[in-house]
2 protein chains.
Amino acid sequence: MAHVKGGLVILKEMVNSLSPSERKVATYIIDHPQEAIHLTALGLGEKSNTSSAAVIRLCKSLGVKGFQELKIRVAGDLQTDDATVYRDIEPNETYKSIIDKVTANTVQTLKETVDIIDENQLKVAVEALANANSIVLAGVGASYIAAKDGEQKFQRIDKNAYSFSDIHLAATLIANKGKGDVVIGISFSGDTQEVAKLLQLAKQRDITTIGITKYGNSLVSQYADILLHTSAAKEATFRSGATSSRIAQLHVVDMLLMCLASNHYEETIQHLDASREAVMFLRD
Amino acid sequence: MAHVKGGLVILKEMVNSLSPSERKVATYIIDHPQEAIHLTALGLGEKSNTSSAAVIRLCKSLGVKGFQELKIRVAGDLQTDDATVYRDIEPNETYKSIIDKVTANTVQTLKETVDIIDENQLKVAVEALANANSIVLAGVGASYIAAKDGEQKFQRIDKNAYSFSDIHLAATLIANKGKGDVVIGISFSGDTQEVAKLLQLAKQRDITTIGITKYGNSLVSQYADILLHTSAAKEATFRSGATSSRIAQLHVVDMLLMCLASNHYEETIQHLDASREAVMFLRD
DNA sequence: TGCTGAGTGAAATTTTATTTCTTATTTTCA
DNA sequence: TGAAAATAAGAAATAAAATTTCACTCAGCA
């Protein structure tokens, strides 16, 4: 199936290369999509202080067949609206309902994590990792899962990666590292003393520190050279959201790995293929 | 925000209470939604061997303002179409593009896992876990992450859960278990010898066995009393999909936990709250 | 200063949605 | 059983919307 871009995506991409009146219309749609798709061309012209002709010209400029087509595309983008709310599990729900809620919450967490990620920080992090002699991942409790996951993934592409939840052991390792190494500290709240201490120690030794933690000031953020934020949105929804922080952390790790993979494509692919073959060999 | 039902949902709900010609139109839209939203009322009337009047009457019967409104609603339901394709990472992509691909692939994996899950098996699994004296989770390699995650989550709700990637240690533990205990074997391919062996051992001792593995016959599925499948779809897309299997496994674990939580709401909540308080206490 | 061309909205035109009207079919009940 | 009533249908008329045309404005430039 051909990939069809959503109407809002096209609008946002093109909004800067449009003539003034077309831009007015485009901006109005972006700001009020829900309203816009229920207006006529004339009505939208009035609302955006232009004319129906401007609306039609906008459609043509965007490469869309007509106003109806544009409305249909924008409508497609709006669909997610009813999923943007975290919903908690209730007593004795049907299995189907629980499955839907858990899935919707997880998808929402992923999207928020993407919204919140700072591309520049990601870029700096990837470059640091690409050149790193070794990578230490530290996380305690739930965050250890993400650290362990990162360890496995980096090892697959031939990086010297080590994960720790025991901070004493991690400190021992860090004691012998220095410039050119990287420590990734993972803490949902950002206030995990042990992880913060570890980053502090690393910084003293000139090791590059990356923090994966929630948005805002925290212990961990003080000691991180590079900060990658996970969605803090709804840990209030503790009971069903308890799983969200982990998903967000894992997703950040995935993004790091994939960006690294793309930037160093050939080597990475070779390592990934070699890893796979090794696992296949064990199976026979 | 009020929840607005998707056009296709309304159509499917009402299709049996419509007059014949309206039903013809409705059926045509349900079968060819992508085409239908680009047709005129007249065109749709012809395609469905009725008339434009029938189309309009259908809209009224559905309680929708007009034909445009119906098209917009249906368009909203079609949203997912452009995300249903796994796309591999390529050399030197932009960061934004990589992030989008990774996220889309992950979301797709989640959705496929939900599509594939068997509610009855899930139900049986949840009941077994609810009554279990102890839960052993076993997974090697990447699947260990899911096992570890499950261990943490079950422990949070006061279940005796143990995760292993070392099968010898797991065997030692299982040797002293029996009826009323549960072993969960996690293996993406289903052909991990060690995990299969462990389930076999468990079965001999009358322990309930749950397999989390890809769809189809496999070593693990032979020895599992209860089978929960993860999406097998696109491990072919190995290079970017390598992360998918883990996400799918984690999601299955999440669903197990949440269903358990809903079925035993009060206790579970108490345990979750107690766990949280304990963690908070450590932070001060 | 006057020419050029992109950009604009009003008005004309075309297309599409909706309503109305007539006919056909089925249902109801004396 | 058969006549009245109710329902359903499409063709044609009408209303509404989308789209095109056109004349005007104004910035940039020789």
Side-chain angles (χ1 to χ4, degrees), chain A residues 4 7-8 10-11 13-30 32-78, chain B residues 4 7-8 10-11 13-30 32-78:
Chain A
V4 179
L8 284 174
I10 305 177
L11 279 164
E13 273 178 7
M14 307 267 297
V15 74
N16 287 316
S17 51
L18 294 169
S19 71
S21 71
E22 287 174 38
R23 187 178 313 171
K24 276 194 212 168
V25 179
T27 307
Y28 193 88
I29 298 174
I30 292 169
H32 315 276
Q34 192 66 51
E35 180 192 0
I37 58 172
H38 293 288
L39 288 171
T40 66
L42 191 71
L44 182 56
E46 280 171 14
K47 284 278 188 177
S48 56
N49 296 311
T50 60
S51 64
S52 66
V55 174
I56 301 301
R57 274 194 288 264
L58 168 68
C59 298
K60 297 294 154 66
S61 299
L62 298 173
V64 164
K65 231 183 304 166
F67 183 47
Q68 293 301 334
E69 173 75 16
L70 181 66
K71 286 208 280 189
I72 283 171
R73 296 244 195 140
V74 172
D77 287 348
L78 258 39
Chain B
V4 178
L8 284 175
I10 304 176
L11 278 165
E13 274 178 5
M14 306 266 300
V15 74
N16 287 317
S17 51
L18 294 169
S19 71
S21 71
E22 287 174 39
R23 187 178 311 171
K24 276 194 210 169
V25 179
T27 307
Y28 194 87
I29 299 174
I30 292 169
H32 314 96
Q34 191 66 51
E35 182 193 357
I37 58 173
H38 293 288
L39 287 171
T40 65
L42 192 70
L44 183 56
E46 279 171 15
K47 284 278 188 178
S48 55
N49 295 310
T50 60
S51 65
S52 66
V55 173
I56 301 302
R57 275 193 287 263
L58 169 67
C59 299
K60 296 294 156 65
S61 300
L62 297 173
V64 164
K65 229 184 303 166
F67 183 46
Q68 294 301 334
E69 174 74 16
L70 180 65
K71 287 208 279 189
I72 283 171
R73 296 246 193 137
V74 172
D77 287 347
L78 260 38

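Each chain gets a letter, A, B and so on, in the order its sequence line appears, and its residues count up from 1.
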* Take the protein atom CG of B:Leu44 and the nucleotide atom P of C:dT18, then report the distance between them rounded to whole Å. => 12 Å

* Please report, rounded to the nearest Å, how far the C1' atom of C:dA17 is from the CD1 atom of B:Ile72. => 13 Å

* To do: Tell me which of A:Arg57 and A:Ala41 sits closer to the 5' end of DNA chain D, going by the nucleotide each one is nearest to.
  => A:Ala41

* To do: Ignoring backbone atoms, establish whether A:Gln68 has a side-chain N or O less than 4.0 Å from OP1 or OP2 of D:dA17.
  => no

* Could you state the CD-P distance from B:Glu22 to D:dA8, rounded to the nearest angstrom? -> 8 Å

* Structure fact -> Heavy-atom nearest pair, B:Lys71 first then B:Ile37, reads CD-O, 3.2 Å

Distance-only donor-acceptor hits, side chain of residues 55-62 of chain A, under 3.5 Å, sequence neighbours excluded:
unit_1: A:Ser61; atom_1: OG; unit_2: A:Glu22; atom_2: OE1; d: 2.6
unit_1: A:Ser61; atom_1: OG; unit_2: A:Arg57; atom_2: O; d: 3.0

* Those residues that, when tested against A:His38, pass side-chain hydrogen bond (donor to acceptor under 3.5 Å, both in side chains) (two or more places apart) -> B:Glu69

* For atom NZ of B:Lys24 and atom P of D:dG10, their distance in whole Å -> 7 Å

* Structure fact -> Judged by nearest nucleotide, the residue sitting upstream toward the 5' end of DNA chain D, B:Asn49 or A:Lys60, is B:Asn49

* Asked: Can you check the B:Phe67 CZ to C:dA17 P distance for me, whole Å?
  -> 6 Å

* Could you pull out the closest heavy-atom pair between B:Thr40 and B:Gly43, with the gap in Å? => OG1-N, 2.9 Å

* To do: May I ask you to evaluate whether A:Ser52 reaches the phosphate of D:dT19, defined as a side-chain N or O under 4.0 Å from OP1 or OP2?
  => no

* Output the single nucleotide from C:dG7, D:dA9, C:dG9 whose closest atom is nearest the side chain of A:Thr50. => C:dG9

* To do: Considering just the side-chain nitrogens and oxygens of A:Ser19, establish if one lies under 4.0 Å of OP1 or OP2 belonging to C:dT8.
  => yes

* Using whole Å, report how far CD of A:Glu46 lies from P of C:dG9. => 12 Å

* Asked: Has A:Lys65 got a side-chain N or O lying under 4.0 Å from the OP1 or OP2 atom of D:dA18?
  -> no

* Asked: Rounding to a whole Å, what distance do you find between A:Leu58:CG and D:dT19:P?
  -> 12 Å

* Answer yes or no: does a side-chain N or O of B:Thr40 lie under 4.0 Å from OP1 or OP2 of C:dT16? => no

* **Proximal nucleotide (of D:dA9, C:dA17, D:dT19) relative to the A:Ile56 side chain** => D:dT19

* Quick one: A:Leu39 CG to D:dA17 P, roughly how many Å, whole number? -> 11 Å

* Asked: Which one, C:dT8, C:dT18, D:dA18, comes nearest to the side chain of A:Ser21?
  -> C:dT8

* Structure fact -> When every non-hydrogen atom of B:Asn49 is compared with those of B:Lys24, the smallest separation belongs to O-NZ, 3.6 Å

